[in-house]
Amino acid sequence: MIRSIITDIEGTTTPISFVHRVLFPYARERLPDFLQFSPEHPALINVPKPRLETLIKWMDRDEKKTALKSIQGEIWKGGFANGHLKGEVYADVPPALQSWSHGGINLYIYSSGSVDAQRLLFSHTAYGDLTGMFKAFFDTNVGSKKESNSYLKILAAIGGQAGDTLFLSDAAAELDAASAAGLSTCQLVRPEDKTVPCNRHQLAHDFYDVSNLYGLPRE
């Protein structure tokens, strides 16, 4: 019986295109100003000089650097605050999260984006503030999403058991790592994101499918 659900963001709750179409360009355009006005930001300690070139290189490679994610999160914070940015989530996500949460299932986010960035996205959606449905948010400070030990750390943090915890993601490598840690796994194969199905894991096209596959509460 599933008691806890840990979900990824990109390609799972949110279109991958949103990150590359909206968030990344927004942060990239504002990096020079960030470096100029926040030269002492703690995350910059871990960014080799020349900093602007390094950050742009990391962004171009979509590297999961904790320092980069922290800086991007700071920039996006301003964008959400002034209304320039609005978090995108798939239409099936809010009602499913609500049903699961009301049904007593503990919900968590684990994404490569910083915890602050995760909260910003889910607190500024067209469906309102969704953050209240999540018990906790996790980022790469617990480790890489492709390493099984990261999922064991999350289980320890939430007091959960691997056998009754489900991890949702579009990425096969992340699902492999979660499965190796003993979690149940389900790959979101959303047509809009052109996700390549992986036969090592259960497959779902949306959160309604997830509810049906695992007997989860529905509205």
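The figures that follow rest on heavy atoms only: side chains count, while hydrogens, waters and symmetry mates do not.
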Decide whether [X] and [Y] are clustered together by the hydrophobic rule: side chain heavy atoms of Ile, Leu, Val, Met, Phe, Trp, Tyr closer than 4.5 Å, transitively.
{"X": "Ile2", "Y": "Leu183", "value": "no"}
{"X": "Leu121", "Y": "Val22", "value": "yes"}
{"X": "Ile109", "Y": "Phe138", "value": "no"}
{"X": "Val93", "Y": "Ile6", "value": "no"}

So, for [X] and [Y], which heavy atoms are closest and what is the spacing to 0.1 Å?
{"X": "Pro217", "Y": "Gly103", "result": "CG-CA, 3.9 Å"}
{"X": "Ala181", "Y": "Ser148", "result": "CB-O, 3.6 Å"}
{"X": "Cys186", "Y": "Leu213", "result": "SG-CD1, 4.4 Å"}
{"X": "Val189", "Y": "Pro197", "result": "CG1-CG, 4.0 Å"}
{"X": "Asp193", "Y": "Ser17", "result": "OD1-N, 4.4 Å"}
{"X": "Ser144", "Y": "Ser150", "result": "O-OG, 2.6 Å"}

*Classify the side-chain pair Asp129/Thr131 by whether it contains a donor and acceptor separated by less than 3.5 Å.*
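Indeed, the side chains of Asp129 and Thr131 share at least one donor-acceptor pair under 3.5 Å.
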*Examine the side chains of Asp209 and Tyr214 and answer whether a donor and an acceptor come within less than 3.5 Å of each other.*
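Side chains of Asp209 and Tyr214: no pair found under 3.5 Å.
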Rounded to the nearest 0.5 Å, how far apart are [atom1] of [X] and [atom2] of [Y]?
{"X": "Leu23", "Y": "Leu120", "atom1": "CG", "atom2": "CG", "result": "10.0 Å"}
{"X": "Ile105", "Y": "Met1", "atom1": "CD1", "atom2": "CE", "result": "7.0 Å"}
{"X": "Asn46", "Y": "Ile71", "atom1": "CG", "atom2": "CD1", "result": "9.0 Å"}

Main-chain N/O of [Y] paired with [X] side-chain donor or acceptor, under 3.5 Å:
{"X": "Ser179", "Y": "Leu175", "value": "no"}
{"X": "Thr140", "Y": "Gly143", "value": "no"}
{"X": "Arg51", "Y": "Leu44", "value": "yes"}
{"X": "Asp92", "Y": "Asp206", "value": "no"}
{"X": "Thr14", "Y": "Val89", "value": "no"}

*So does Arg21 pair up with Glu88, basic N to acidic O under 4.0 Å?*
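Yes.
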*Glu192 bridged to Arg190 by N-O distance under 4.0 Å*: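 Salt bridge flag = no for Arg190 with Glu192.
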*Could you go step by step and tell me if Thr185 and Leu166 meet the side chain to side chain contact (heavy atoms under 4.5 Å, CB included) rule?*
CA-CA 6 Å; Thr185 54; Leu166 172 64; 5.5 Å; no
Quick one, [X] and [Y] - any side-chain contact, counting heavy atoms below 4.5 Å?
{"X": "Asp62", "Y": "Lys64", "answer": "yes"}
{"X": "Phe34", "Y": "Leu55", "answer": "no"}
{"X": "Phe122", "Y": "Thr13", "answer": "yes"}
{"X": "Gln187", "Y": "Gln202", "answer": "no"}

*asked:* Using side chain to side chain contact (heavy atoms under 4.5 Å, CB included), reason through Thr195 and Leu188 one step at a time and then give a plain yes or no.
replied: CA-CA 8 Å; Thr195 306; Leu188 270 295; over 6 Å; no
*Could you note down all residue pairs passing side chain to side chain donor-acceptor pair (under 3.5 Å) where residues 167-178 supplies at least one of them, sequence neighbours left out?*
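Listed once each, the pairs are Lys145-Glu174, Ser169-Glu174, Asp176-Arg200, Asp176-His201.
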*asked:* Quick test of your reading: applying side chain to side chain donor-acceptor pair (under 3.5 Å), list the pairs with at least one residue in residues 100-123, sequence neighbours left out, ordered by first then second residue.
replied: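 Output for this query lists Trp100-Ser211.
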_Tell me whether Arg28 forms a cation-pi arrangement with Tyr26, defined as NZ or CZ under 6.0 Å from the six-membered ring centre and within 45 degrees of its axis._
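That pair does not qualify as a cation-pi contact.
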*asked:* Taking the ring of Phe137 and the ring of Phe134, is the distance between their centroids below 6.0 Å?
replied: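 Ring centroids of Phe134 and Phe137 are less than 6.0 Å from each other.
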*Would you find more than 12 non-hydrogen atoms of other residues, nucleotides or ligands less than 6.0 Å from Asn199 atom CG?*
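No, not enclosed.
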*In sequence, state the C-alpha distance, the side-chain angles, and the governing distance for Glu10 and His20, and then conclude on side chain to side chain contact (heavy atoms under 4.5 Å, CB included).*
CA-CA 10 Å; Glu10 288 182 53; His20 295 274; 4.1 Å; yes
*Apply the test side chain to side chain contact (heavy atoms under 4.5 Å, CB included) to residues Thr66 and Asp139: give CA-CA distance (whole Å), side-chain angles for both, the deciding distance (0.1 Å), then the verdict.*
CA-CA 8 Å; Thr66 300; Asp139 58 22; 5.8 Å; no
